[in-house]
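Here, residue 1 is the first one in the sequence, and each next residue gets the next number. Quick note: numbers below take in every heavy atom, side chains included, and nothing from hydrogens, waters or symmetry partners. Only a predicted model underlies this, so the values are computations on that prediction, with no experimental measurement involved. We count ligands from 1, going down the list as the structure has it; atoms in each ligand are counted the same way.
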Amino acid sequence: MTVSVVLFTSDLRLHDHPPLRSALASADEVVPLFVVDDAIGDAGFGAPNRCAFLADCLRDLDSGLRERGGRLVIRRGDVAAEVRRIVSETGAGDVHMAAGVSGYARRREERLHGALADVGCRLRVHEAVITVVPPGAVTPSGAGRDHFSVFTPYFRRWSEAQPRAPFDAPRTVRVPAGPGSVDPPSRAGIPGVSPGLPEGGEIQGRRSLAAWHRHGLGRYEERHDDLAGDATSRLSPHLHFGTLSPTELVHRARAAGGPGAEAFVRQLCWREFHHQVLAARPSAARSDYRSRHDRWRTEESAAEDIAAWQEGRTGYPLVDAAMRQLLHEGWMHNRGRLLASSFLVKTLYVDWRVGARHFLDLLVDGDIANNQLNWQWMAGTGTDSRPNRVLNPVLQAKRYDPDGAYVRRWVPELAGIDGGAVHEPWRLRAEERARYAYPEPVVGLAEGLARFREARGLD
Ligand code: FAD
């Protein structure tokens, strides 16, 4: 009787899962394994919203496997030690897993290679599970150029790649009787979870995907920036935890066709772009990727402004609405993320790492590649070709929330102000202004801009 282990990481699904498919094809029995790795919590990445979503995903994966005659084995501890223990308990000849991208994922692979070699077991790392095109598979011409640092040429080359066809979910999974498991975690026991956090798991992901194709995809191009319309896919947590396969998403969108599908595939490519940057430069999770800036205000000197930003009381209604959506849902619309990050790094001139950390504390889709590199993009330290652009919260509001409905939804103390006037409460007559318990702007926009230009030596 041959046994293989499948180590699940950021790929918590049964559909389109190359490591599982490969293990089932080559072994009589398979141990589907997830290790709740102590190192993730110790490094500060165990944020309550993501832990809660993960708990849903593990329960769902376990029930999906049970429907197919198997079960999920969950262990807690050091990932290399636990995998090795399972291999010793079952006599498994190989361990299959998806290739990771972050520095942490790369170190985990190296440690597993070492730990398994000692017991004569092979680690088989599968590409194109977490991304459609493996990082490093598409590179610019020129000696020594290991990744693209500009999106448009990457998108062109990425679009030419032919992804494999997605695989169906297996019908049966035979798991050996022996290996013990801890119970799947439950979100009910996790404190500090955002009240509007979405539900995790592959079943929910596939439902959301089907609904997206029915109602959203076709109009994505024209509606994706409409803050109040909330017309993006909201599939990002499922992509982060791998409850949906990016390869399947690209195939289905291309099959649907049309401008909405094209625009959606382009956004999926942004995810791939950031993943290949991080894979080539793992230090970009912490250090400036391209241009170095070190004149940020210190966390101590900007403490009050940072707190106002985090709590959604900067006095700029659209910024505050976006930050409150983050607190309530553990998710924020992309247009809100752009504006809120610009406000922190440009208008308040606070280091991008401070904002990235706060987002990672709350975002259910909080992802090292997408979060850190989008923050760097906005800070002008990353891949943006216009590093000194500053988004004006009032102009952005007039453009992307013209009627003010998004602000009224998230900033209820301003709900009594009709139409676009809600974006500039400071313009109201004093006696009317006094009716709303809403703060004055933490800084004037002209003052913020002057500080930014001076720090960047732009005058
Ligand atoms: P849709 O508009 O439906 O797009 C579909 C998918 O494309 C998304 O689910 C996502 O996987 C991908 N995508 C879209 N835009 C981007 C982008 N700019 N960069 C990378 N991938 C993209 N996204 C994360 O997944 N995790 C993060 O931690 C994260 N942090 C961000 C921080 C900042 C400061 C900014 C400006 C953006 C960040 N994004 C992050 C990117 C983007 O805002 C989200 O992916 C998007 O809002 C998720 O909503 P959606 O699934 O409805 O997106």
No-hydrogen, no-angle side-chain donor-acceptor test under 3.5 Å, [X] and [Y]:
X: Gln372; Y: Tyr289; result: no
X: Asp168; Y: His15; result: no
X: Trp270; Y: Asn374; result: no

Cationic tip of Arg297 above Tyr349 ring, under 6.0 Å, 45° of axis: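 No cation-pi geometry.
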Distance under 6.0 Å and angle within 45° of ring axis: Arg353 vs Trp375: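 Ring-cation test returns no.
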Residues in contact with ligand 1, criterion: heavy atom under 4.0 Å: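 For ligand 1, the contacting residues are Tyr220, Thr232, Ser233, Arg234, Leu235, Ser236, Leu239, Phe264, Gln267, Leu268, Trp270, Arg271, His274, Trp331, Met332, Asn334, Arg337, Leu338, Ser341, Phe359, Leu363, Asp365, Gly366, Asp367, Asn370, Asn371, Asn374, Trp375.
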Trp296 and His293 aromatic ring geometry - parallel, tilted or perpendicular at 30°/60° bounds: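 Ring orientation, 0 to 90° scale: perpendicular.
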